[in-house]
Amino acid sequence: MSYQSLIGKPAPPITLDNYDGQSFTFTPGEKGLPTALFFYPESGSYGCTKQACQFRDAIAEKDTFGPGKVQIIGISPDPVAKQKAFVEKQKLTYPVLSDVKKEVFKVYGIGKGMLGLAAVARVTFIVDKKGIVRDALDATMNYGAHSKFVEKWLARLQTEDEATAETPTTPAVETATAEAPKWGAENSSI
């Protein structure tokens with residue numbers, strides 16, 4: 001199964017240990033918020049640190065990432081102790097989950113990255129507030145693309161929500177219409 005096969009389908013639920021050693025469960029659609037799930041190769045590596053900090057900074061600085069607007073969840077195959085050190089050193093403000101057995105990576109269809117050179121690919125999923133996977137970005141080398149990808153999707157989802165909110169909910173008014181012409185053999189000119 002490829003990660004792309006999840007697009008348009010309900011996101012699989014996740015239960016893994018968070019960096020603090022506590023079990024963390026993500027139930028898609030439960031909080032009514034869009035979610036960015038970003039899977040990455042290794043806590044503390046250069047690209048992964050930059051990526052994780054871009055999400056941290058976006059939460060602090062950008063309105064689209066503000067409280068009550070999105071849930072950010074990071075996942076790597078690192079053990080809890082390494083995740084804890086990573087979160088504390090980088091002052092990350094969101095769950096960073098440990099998937100040592102790569103079970104969730106498999107469920108989400110994420111394989112190796114960089115033509116097999118990286119143990120896992122860097123893939124970010126956008127899950128809408130109803131729990132449906134809307135899109136995914138596989139860019140192992142381009143760690144900087146992930147927060148931009150999420151930001152564009154958050155803007156799109158907000159626009160969709162606003163369009164839905166503007167749709168009138170009053171019942172349609174019945175209007176009288178003239179009888180449509182009948183197109184049968186009697187009206188045929190052939």
Side-chain angles (χ1 to χ4, degrees), residues 1-30 33-56 58 65 70-87 89-90 92 94-154 156-157:
M1 180 185 88
S2 160
Y3 70 89
Q4 293 169 327
S5 66
L6 289 173
I7 296 172
K9 295 180 181 161
I14 295 171
T15 299
L16 289 170
D17 286 340
N18 198 358
Y19 69 90
D20 58 7
Q22 299 295 310
S23 180
F24 180 92
T25 298
F26 165 61
T27 305
E30 181 179 63
L33 291 175
T35 301
L37 291 173
F38 73 98
F39 292 81
Y40 63 97
E42 183 182 2
S43 290
S45 67
Y46 178 82
C48 297
T49 299
K50 292 288 187 188
Q51 178 187 21
C53 290
Q54 285 175 345
F55 280 116
R56 176 202 64 204
F65 284 82
V70 63
Q71 180 178 25
I72 305 290
I73 301 171
I75 305 170
S76 82
D78 296 299
V80 169
K82 188 170 183 181
Q83 302 296 46
K84 182 175 174 51
F86 181 56
V87 167
K89 181 176 182 180
Q90 302 305 328
L92 302 180
Y94 49 83
V96 177
L97 310 181
S98 172
D99 187 12
V100 176
K101 295 178 183 174
K102 299 181 190 167
E103 291 169 344
V104 174
F105 277 84
K106 287 177 190 145
V107 168
Y108 274 79
I110 301 169
K112 294 185 176 195
M114 297 186 332
L115 303 172
L117 298 175
V120 294
R122 183 185 317 276
V123 180
T124 298
F125 291 86
I126 293 293
V127 180
D128 69 18
K129 67 183 185 178
K130 294 178 182 172
I132 304 300
V133 176
R134 296 293 295 271
D135 202 357
L137 173 69
D138 179 353
T140 301
M141 292 297 292
N142 190 355
Y143 59 82
H146 293 263
S147 65
K148 292 176 184 142
F149 169 76
V150 171
E151 186 171 13
K152 285 178 185 170
W153 261 102
L154 290 176
R156 180 175 174 177
L157 292 172

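For this chain, numbers begin at 1 and follow the sequence in order.
- With contacts defined as side-chain heavy-atom distances shorter than 4.5 Å, the pair Thr35/Leu37 qualifies.
- Remark: aromatic rings of Tyr94 and Phe38 are close, center separation under 6.0 Å.
- Considering all non-hydrogen atoms of both residues, Val80 and Ser98 come closest at N-OG, 3.5 Å.
- Expressed to the nearest 0.5 Å, how far OG of Ser147 lies from CG of Leu154 amounts to 10.5 Å.
- Judged by distance alone, with hydrogens and angles left aside, the side-chain atoms of Thr27 form no donor-acceptor pair with the main-chain N or O of Pro13 at under 3.5 Å.
- With values rounded to the nearest 0.5 angstrom, Gln4 atom CD is found 9.5 Å from Asp135 atom CG.
- Minimum heavy-atom separation, Pro12 to Pro28: O-CG, 3.9 Å.
- Counting heavy atoms from C-beta on, the side chains of Tyr143 and Tyr46 come closer than 4.5 Å.
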Practice problem: Let me see the working for Phe125 and Ile110 under side chain to side chain contact (heavy atoms under 4.5 Å, CB included), right down to the final yes or no. | Solution: CA-CA 11 Å; Phe125 291 86; Ile110 301 169; 3.7 Å; yes
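- You'll find the side chain of Thr49 reaches within 4.5 Å of the side chain of Gln90, heavy atoms only.
- Here the side chains of Val70 and Leu33 are not in contact, with every heavy-atom distance at 4.5 Å or above.
- Atoms CD and CD, on Gln54 and Glu151 in that order, are 11.0 Å from each other to the nearest 0.5 Å.
- Closest approach of Ala36 and Ile126 over heavy atoms only: CB-CD1, 4.4 Å.
- Looking at Asp128, its side chain never comes within 3.5 Å of a backbone N or O of Arg134 through a donor-acceptor pair.
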Quiz item: Taking it one step at a time, do Glu42 and Asp78 satisfy side chain to side chain contact (heavy atoms under 4.5 Å, CB included)?
Solution: CA-CA 6 Å; Glu42 183 182 2; Asp78 296 299; 3.9 Å; yes
Practice problem: Tell me, with the steps shown, if Tyr19 and Leu92 meet side chain to side chain contact (heavy atoms under 4.5 Å, CB included). | Solution: CA-CA 10 Å; Tyr19 69 90; Leu92 302 180; over 6 Å; no
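- Asn18 and Pro95 make their closest contact through OD1-CA, 3.6 Å (heavy atoms, listed as atom of the first residue, atom of the second, distance).
- A ring-centre distance under 6.0 Å is found for Phe39 and Phe105.
- Taking the side chain as every heavy atom from C-beta outward, Pro10 and Ile132 approach each other to under 4.5 Å.
- A distance of 12.0 Å separates CZ in Phe24 from CG in Asp17, rounded to the nearest 0.5 Å.
- Side-chain N or O atoms of Thr140 include one that pairs as donor or acceptor with a backbone N or O of Arg122 at under 3.5 Å.
- The shortest non-hydrogen separation linking Ser43 to Lys82 is O-CE, 3.0 Å.
- Within the 4.5 Å cutoff, side-chain heavy atoms of Thr124 are placed close to those of Gln51.
- Proximity of a side-chain donor or acceptor of His146 to a complementary backbone N or O of Ala52 within less than 3.5 Å is not detected.
- Atom OG1 of Thr15 and atom CD of Glu103 lie 11.0 Å apart (nearest 0.5 Å).
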Exercise. For Tyr108 and Ile75, run side chain to side chain contact (heavy atoms under 4.5 Å, CB included): C-alpha distance rounded to whole Å, both residues' side-chain angles, the deciding distance at 0.1 Å, then the answer.
Key: CA-CA 11 Å; Tyr108 274 79; Ile75 305 170; over 6 Å; no
